[in-house]
Structures are given as structure tokens and as C-alpha cells.
There are 2 protein chains.
Amino acid sequence: MPVSKKEVSPCPIDAMLSVIDGRWKGTILWRLLDGPMRTNELRRSIPQITERMLIRHLQELVQDGILERHEEKQVPPCVRYSISSYGMTMVPVLEAICVWGRRHLETSHPSKRERLPSIT
Amino acid sequence: MPVSKKEVSPCPIDAMLSVIDGRWKGTILWRLLDGPMRTNELRRSIPQITERMLIRHLQELVQDGILERHEEKQVPPCVRYSISSYGMTMVPVLEAICVWGRRHLETSHPSKRERLPSIT
DNA sequence: CAGGATCCATAACGATACTG
DNA sequence: CAGTATCGTTATGGATCCTG
């Protein structure tokens, strides 16, 4: 087991996790995989999320370059969020995560001590 | 955009995140990708981690079936952790995460407001 | 409708001392 | 060496009210 660059570099797993981590980010991305959505549309589609957390997470995802925010100047405001082209590079990984996650859900493992289910 | 089963099932992304989520789990798994390690060995390889969190995370990962704990009965104790065969099913996904994470680190995105670097 | 501002609860994490 | 126990801190998320 050779000394790898692990010795000196930050953990890339964490690098990605830091982007998709947050109580609802996984769910938000999951929803946006189907296409752009408006803020309220997203909110309704994730019943348990609060206004605050939705906005917060959306902003962070935008900051990280994963999402794009399209605002149509008008009253009342109309904002649409979509996965950016950079965010798209993450999609295959997200899908792999989905696949494993789905199997894990079925595998009905003893300890599901967590955040699930996020959508009921 | 058809109505998918998303309407009724928990989010599979979260399902997987719930397993690898935790301040140091990503890093721990990342290290174990190279092979089994002893508790203290792991600890030394992740300087900033505290005893408590290491043990906690290891236990959770074992509970979730991702890790295996091999204890050799002797004094002083010798415990080795390794990725279980179930955990192995997750490895390709972890690797995909690593690949994206590495690119993301290089992409030097503006907001790296997070947990990084976890290994200095 | 989108989102800012406040206030609060608590889960997650960290430091440290201790035990078989 | 591996793991417990206790305690303090802080980050995260939640509830609510408010505004252009």
C-alpha cells in the first residue's frame, strides 16, 4: 500500500459531499433532475421543507455552481431553478447514488436511524 | 414530465447520504478503500479527528453494514476495520464521487465554505 | 411569489478524562 | 489499544413574521 497523495490532499469524497450535503439538497437535486422548477413548485413538491431551508439550500447550490437561477423580471416575481451545465457533470454520479440508495432502501437494513423518509 | 414514483417513495439520494454522512465518514471510507486498517492507524491517518468521532462513525458504519469489525482477542486489543462485501457494492459509487470531488477541488470554485480540507 | 430577518431547539461535533 | 462517559460548543435546521 504505497503512500498516496492522500497524505497531503483534502478528501475528494468530502469535496463532493460538501456540495450535496444539507438536509434537503439531495431531494432538491433529485426533483430538478426532471427539469427546471419554480421556487414554490419545488416547495410544494417537498412538503416537509420550510421556506427558509428551501431558499437557503437553493442559494448554496447556486453558489457552488450546481444550480442556475433564472429570474423573470415581473410582478409577482417568477424564479426558475435548473441544474447548470457544471451541475450536469454531477448528474451521472447522482444517478449512481440513486441506484445504490434505492437498493439500500429495499435491502431494509436494520439501522435506518436517519433522515429518511424525506418524502412521504 | 410524468408523475414518477417520487411521489410516494423516500429519496434514494438521501438514503445513500444517510449512510456516508457524518463529518468524517467520507474520509474514513476513503482511507479504507486501500485496505483494512486498525483503529489507531485510522486515527493517525486522519489527524484532526477525535477519538470519539472516529469510534462513533466506525460503529455507525458497522451498524449500517458498510464496515466489518475484526477483533483479535488479545491484550492489548487489536481491532481491524474493513469494508464489508455489502460495503463493496458502494465502492464504485464512492469512486465516482471521488472523481467528481477531485475535479471539483481543482475547479477551485469560489465558495468552498465547508468542511474542507479534511486532511491537510 | 420569492426571499429576508429573527428567534429557538437540538443534533452533531469537539475536548478531555477514564477503563479493561 | 480500543472504547466509554461526561460535558461544553457550534452548526444546522425549524417556526414565524415581514417585505418588494
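Residue numbering restarts at 1 for every chain, and letters A, B, ... go by the order of the sequence lines.
- Under 4.0 angstrom from either OP1 or OP2 of C/dC13 there lies at least one side-chain N or O belonging to B/H57.
- With sequence neighbours left out, the side chain to side chain donor-acceptor pair (under 3.5 Å) criterion links A/R43 to A/N40.
- Regarding A/Q59, its CD atom lies at a distance of 7 Å from the P atom of C/dG3, rounded to whole Å.
- Between B/Q63 atom CD and D/dG3 atom P the separation is 14 Å, expressed in whole Å.
- Here the CD1-CG distance, from B/I28 to B/L54, works out to 5.0 Å after rounding to the nearest 0.5 Å.
- Residues passing the side chain to side chain donor-acceptor pair (under 3.5 Å) test with A/T50: none are found, sequence neighbours excluded.
- Taking atom CG of residue B/L54 and atom C1' of nucleotide D/dG3, one finds them 10 Å apart after rounding to whole Å.
- From B/L105, atom CG reaches atom CG of A/D14 across 9.5 Å, with rounding to the nearest 0.5 Å.
- Across the protein-nucleic acid pair, B/R56 atom CZ and D/dC7 atom C1' stand 14 Å apart, rounded to whole Å.
- At least one donor-acceptor pair under 3.5 Å links the side chain of B/S84 to the backbone N or O of B/G65.
- Taking atom CD of residue B/Q74 and atom P of nucleotide D/dC1, one finds them 12 Å apart after rounding to whole Å.
- Atom NZ in A/K73 sits about 14 Å away from atom P in D/dG20, given to the nearest Å.
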What does the B/S/- profile of nucleotides 14-20 of chain C look like, 5' to 3', with a 4.0 Å heavy-atom cutoff to protein? BB-B--B
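- With sequence neighbours left out, the side chain to side chain donor-acceptor pair (under 3.5 Å) criterion links A/R56 to A/E60.
- The CD1-P distance, from A/I55 to C/dA5, rounds to 13 Å in whole Å.
- The side chain to side chain donor-acceptor pair (under 3.5 Å) test applied to A/Q74 returns no partner, not counting sequence neighbours.
- Checked by atom type and distance alone, the side chain of B/R31 pairs as donor or acceptor with a backbone atom of B/S45 at under 3.5 Å.
- Looking at heavy-atom distances under 4.0 Å, A/R69 makes contact with sugar-phosphate atoms alone, never a base.
- Neither OP1 nor OP2 of C/dC1 sits under 4.0 Å from any side-chain N or O of A/Y81.
- The end-to-end axis angle of the helix from C/dC1-D/dG20 to C/dG20-D/dC1, rounded to 10 degrees and based on five pairs per end, is 40°.
- Here the C1' atom of nucleotide C/dC1 and the CZ atom of A/R80 are 12 Å apart, to the nearest Å.
- B/R38 comes within 4.0 angstrom of sugar-phosphate atoms only, judged by non-hydrogen atoms across all strands, and of no base.
- Considering only heavy atoms from C-beta on, A/I97 comes within 4.5 Å of A/I20 through its side chain.
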